[in-house]
Engineer: 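I have a structure here, written as structure tokens, and I will follow up with some questions on it.
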Amino acid sequence: MHPDRQPGTFVPAAMIVGVVLTLAFGAGGYFATSEAIESDAQARFRAMARAAQTNIDARLKSYSDVLRGVAGLFRSEPNISAAQFRQYVGELDIKRNFPGIVNINYARAVRADRLPALNDELRERLARRGVVHESLLPEPDRDTYTVLVYLEPLPANLLDKLGLDLEARGTTRRSLAVARDTGSSSASGTRIALRPGPNQNALALRLPVYRSDLPNNSVQERRLAYVGSAGLGFGISPLVAGVLDEFPVEGVRLVLTELTALAPEPGEAPPRAVLYDSLATPAQPNPAQPPDDDTIFAASLPVEFNQRVWRADFSIPKAELYTRFDMYYPWLAAFAAGMSTALLYALFQTLASSRRNALRMAGEMTRELRASQAKLQASHEKLRLLAAHAEQIKEGERKRIAREIHDDLAQNLLALKIEAELLANRTRAGQQRLHARAVATVRQIDVTIRSVRQIINDLRPNVLDLGLSAAVDWQVADFARRTGIACELTDDDGEYRIDDNSATAFFRILQESLNNVARHARATRVSIALQQHADMLTMTIRDNGIGLQPGSRNRHGSFGLVGIEERIAILGGSFSISSSQGVGTTIVVSIPVAEVPADTPAPGLRADSAPISPVVV
């Protein structure tokens, strides 16, 4: 703490910081929750709008399917009568199954010379209903006419539509010509007023009809096979109103706009682009467009109607999609975020007061740990030096015992054998029983001498005094003789000028490795390589056995490989072992070779004594 700071001045500052953080996180929680609620509501609204778009597309497709059925009727039976057509439309029951369809009709395509016969047919049919038909007269610049001959349902106010020449309007004539030449359905986009007022328009959809006995694969063939056009009219208001009725919420506004331009006829005003507006009323036929602000959700989706494109604009006030819980949830989130921040800040302040003590304690513990590690490292080094010293003492003691046995016991056994042989020779002729006992004694002495020889070799082989290369050669030959395992020795025949400790360590490593092969490897062949590269002497032992089993190196009570590692570590060398099950095991040991004066005795020899004589043993 600063010396000029009063003891209590830190607390108000911490409280101010805590209050600021609480307010900041509370505000963040409020705005994040509000945005999430608004995003969810907007996603739900767009899903509703897409469902409505799909519904409109499905209704238009159903109208197209009805039209195909009508075209198929006239294709299969071109001379169908008015009564048969009335029966077909009645069986469709369009009022219940297709409430948007106003009527279904058929227009016959005729040439100018067929107009009189068509006028007679229409005049006769309309006369039965008390209506006078105005005859169609040929026009000088036209040769084809598409005349409305069937219309169902046919109320009295539409009787005058029979005999209507659809090609009289240029827009309709062009649309029919394209449909005739392509074989596709057509929609001129011309709006038909069903009754006064907004949203009371109807649109027509037509499909060409060809003779079934003529081909219609090309434009010329279609023109020759063309006999008329099947059509239907549907009201835009029933089409769209049914879609809005299926919205799960109220207050949705739908504005349906024609995007494909429609050229007006001469003398006619261009039609409005808006096809339908759910807010339009007779008192207000042209309501204002939805406001472009943050108070509403809006979605604009395309609707295709026979190569014509509409745009469906859906809009709804945001409040219509919010529940009462949505209104209060942001405040609840703000309160939760603020309280959580206050609690966490208080916890932080509590923990911060003890942080310095914890760091101080951690520093002290770290220093103690480092001191303990240093002591442990020193103890480990002392143990390694002690192990090395113990190994030297053990090898020296073995060497001394072997020499004592050789110099005393072996020589005494040799003298005893000579005396026993003399006794056996002198008693061979006259004292058979004594001679037999003397011969048995000689044999027993031979067995004892062999045992002594084996003991001496186990303690320290005499051949080690002849050099490392000779000792390795003898050990390999002895191992092959005892176990029957084929051995291959590779030696570069060099004079390895190494000290006695290194030579003994190498020899003991070879012994331990071969013993492991005999006990565990189940090998049939072993190769040993002894090579010197620069200042490193390397021995490689490889067998073709079963390899090391998992966990065998760390098995409790197994110290063979551990002993090898320790011997090599004492000498400052390296040790590696590689093994795979079924492939075998390879052991590689290397130690540095120091320069040894040329007059230094070979490993195993003492400067003041001769080597152990191999005469007896």
Engineer: Arg508 and Gln511: which non-hydrogen atoms are nearest, and at how many Å?
Structural biologist: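 Between these two residues, the closest heavy atoms are NH1-OE1, 2.8 Å.
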Engineer: Quick one: closest heavy-atom pair of Pro592 and Met536, and the distance?
Structural biologist: CA-SD, 3.6 Å
Engineer: Can Arg311 and Glu304 be counted as an ion pair, charged N to O under 4.0 angstrom?
Structural biologist: no
Engineer: Does any donor atom in the side chain of Arg370 or Gln373 lie under 3.5 Å from an acceptor atom in the other side chain?
Structural biologist: no
Engineer: Using a 4.5 Å cut-off on heavy atoms from C-beta on, say whether the side chain of Arg443 contacts that of Val447.
Structural biologist: no
Engineer: Output the distance between atom OG1 (Thr441) and atom CZ (Arg437), rounded to the nearest 0.5 Å.
Structural biologist: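 That separation rounds to 6.5 Å.
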Engineer: Quick one: do Thr538 and Val589 satisfy side-chain contact (heavy atoms from CB on, under 4.5 Å)? Show the steps, please.
Structural biologist: CA-CA 6 Å; Thr538 302; Val589 294; over 6 Å; no
Engineer: Could you list the donor-acceptor pairs under 3.5 angstrom formed between side-chain atoms of residues 20-34 and any protein atom two or more places apart in sequence or on another chain?
Structural biologist:
from  : atom 1 : to    : atom 2 : distance (Å)
Thr22 : OG1    : Gly18 : O      : 2.8
Thr33 : OG1    : Gly29 : O      : 2.7
Ser34 : OG     : Tyr30 : O      : 2.9

Engineer: Are Thr295 and Lys318 side-chain neighbours, meaning at least one heavy-atom pair lies under 4.5 Å?
Structural biologist: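 In short, these two side chains do not touch, never coming nearer than 4.5 Å.
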Engineer: For the OG atom of Ser590 and the CD atom of Gln531, what is their distance to the nearest 0.5 Å?
Structural biologist: 10.0 Å
Engineer: State, to 0.1 Å, how close Ala518 and Thr483 come at their nearest heavy-atom pair, and which atoms those are.
Structural biologist: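 Result for this residue pair: CB-CG2, 4.1 Å.
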Engineer: Minimum heavy-atom separation for Ile568 and Ser574, please, with both atom names.
Structural biologist: CG2-N, 3.3 Å
Engineer: Please check if atom CZ in Arg519 has more than 12 non-hydrogen atoms from other residues, nucleotides or ligands closer than 6.0 Å.
Structural biologist: yes
Engineer: List the steps and the verdict of side-chain contact (heavy atoms from CB on, under 4.5 Å) for Ser513 and Ile509.
Structural biologist: CA-CA 6 Å; Ser513 300; Ile509 291 171; 4.1 Å; yes
Engineer: Determine whether more than 12 heavy atoms belonging to other residues, nucleotides or ligands lie under 6.0 Å from atom CE of Met361.
Structural biologist: no
Engineer: Any non-hydrogen side-chain atom of Pro302 less than 4.5 Å from a side-chain atom of Gln53?
Structural biologist: yes
Engineer: Could you tell me whether the side chain of Ser39 and the main chain of Glu35 form a donor-acceptor pair under 3.5 Å?
Structural biologist: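 No; judged by distance alone, with no hydrogens or angles, the pair does not exist.
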Engineer: Keeping Glu419 on the side-chain end and Ala415 on the backbone end, is there a donor-acceptor pair under 3.5 Å?
Structural biologist: no
Engineer: So which pairs with a foot in residues 582-592 pass salt bridge (charged side-chain N to carboxylate O under 4.0 Å, His left out), sequence neighbours left out?
Structural biologist: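 Sorted pair list comes back empty.
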Engineer: Checking side-chain contact (heavy atoms from CB on, under 4.5 Å) for the pair Val526/Arg542: CA distance, chi angles, key distance, verdict?
Structural biologist: CA-CA 6 Å; Val526 180; Arg542 181 181 292 107; over 6 Å; no
Engineer: For Asn425 and Glu421, indicate whether the former's side chain and the latter's backbone hold a donor-acceptor pair under 3.5 Å.
Structural biologist: yes
Engineer: To the nearest 0.5 Å, what is the distance between CG on Leu514 and CD1 on Ile528?
Structural biologist: 5.5 Å
Engineer: Please assess Arg46 against Leu301 for the test side-chain contact (heavy atoms from CB on, under 4.5 Å), listing each intermediate value before the final yes or no.
Structural biologist: CA-CA 10 Å; Arg46 289 193 63 85; Leu301 300 173; 4.2 Å; yes
Engineer: Of the non-hydrogen atoms in Ala420 and Ile445, which two are nearest, and what is the gap between them?
Structural biologist: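 Residues Ala420 and Ile445, closest heavy atoms: CB-CD1, 4.0 Å.
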Engineer: Quick one: list whatever passes salt bridge (charged side-chain N to carboxylate O under 4.0 Å, His left out) with Asp446, sequence neighbours left out.
Structural biologist: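 With sequence neighbours excluded, Asp446 shows a salt bridge (charged side-chain N to carboxylate O under 4.0 Å, His left out) to Lys417, given in chain and number order.
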Engineer: Say whether, by atom type as modelled, one donor and one acceptor occur between the side chain of Asn544 and the main chain of Thr524 under 3.5 angstrom.
Structural biologist: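 At least one qualifying donor-acceptor pair exists.
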Engineer: Do the non-hydrogen side-chain atoms of Thr586 and Ile577 ever get within less than 4.5 Å of each other?
Structural biologist: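 No, side chains not in contact.
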Engineer: Kindly check if the number of other-residue, nucleotide or ligand heavy atoms within 6.0 Å of CZ (Arg482) is above 12?
Structural biologist: yes
Engineer: Can you name the nearest heavy-atom pair linking Cys487 to Phe479, along with the distance?
Structural biologist: SG-CD2, 3.5 Å
Engineer: If we only count heavy atoms from C-beta on, is the Met539 to Ile541 side-chain gap below 4.5 Å?
Structural biologist: yes
Engineer: Trp474 vs Phe507 aromatic rings, parallel, tilted or perpendicular, using cut-offs 30° and 60°?
Structural biologist: parallel
Engineer: So Arg44 and Asp40, do their side chains get closer than 4.5 Å, heavy atoms only?
Structural biologist: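 Yes, at least one pair of side-chain atoms sits under 4.5 Å.
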Engineer: Using atom types as modelled and distance alone, determine if a side-chain donor or acceptor of Ser579 lies under 3.5 Å from a backbone N or O of Gly547.
Structural biologist: no
Engineer: Looking at CG of Leu347 and CG of Leu351, how far apart are the two atoms once the value is rounded to the nearest 0.5 Å?
Structural biologist: 4.5 Å
Engineer: Around Phe348, counting heavy atoms of other residues, nucleotides and ligands shown, do more than 12 lie under 6.0 Å from its CZ?
Structural biologist: no
Engineer: Under the criterion side-chain contact (heavy atoms from CB on, under 4.5 Å), which of Leu259, Val303, Thr260 is the partner of Trp310?
Structural biologist: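 Considering Leu259, Val303, Thr260, a side-chain contact (heavy atoms from CB on, under 4.5 Å) with Trp310 is found only for Val303.
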Engineer: With a 4.5 Å heavy-atom cut-off, do Asp491 and Asp473 have their side chains touching?
Structural biologist: no
Engineer: If you measure from CD on Glu368 to OG on Ser372, what distance do you get to the nearest 0.5 Å?
Structural biologist: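 The CD atom of Glu368 sits 7.0 Å away from the OG atom of Ser372.
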Engineer: Strictly below 4.0 Å, N to O, side chains only: are Lys61 and Asp57 in salt-bridge contact?
Structural biologist: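 Not counted as a salt bridge, because no side-chain N and carboxylate O are separated by less than 4.0 Å.
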Engineer: Can you confirm whether Ser64 sits close enough to Asn306 that some side-chain heavy atom of one is under 4.5 Å from a side-chain heavy atom of the other?
Structural biologist: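 Counting from C-beta outward, Ser64 and Asn306 do come under 4.5 Å.
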Engineer: Distance from Ile37 atom CD1 to Gln42 atom CD, nearest 0.5 Å?
Structural biologist: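 If I round to the nearest 0.5 Å, the distance is 14.0 Å.
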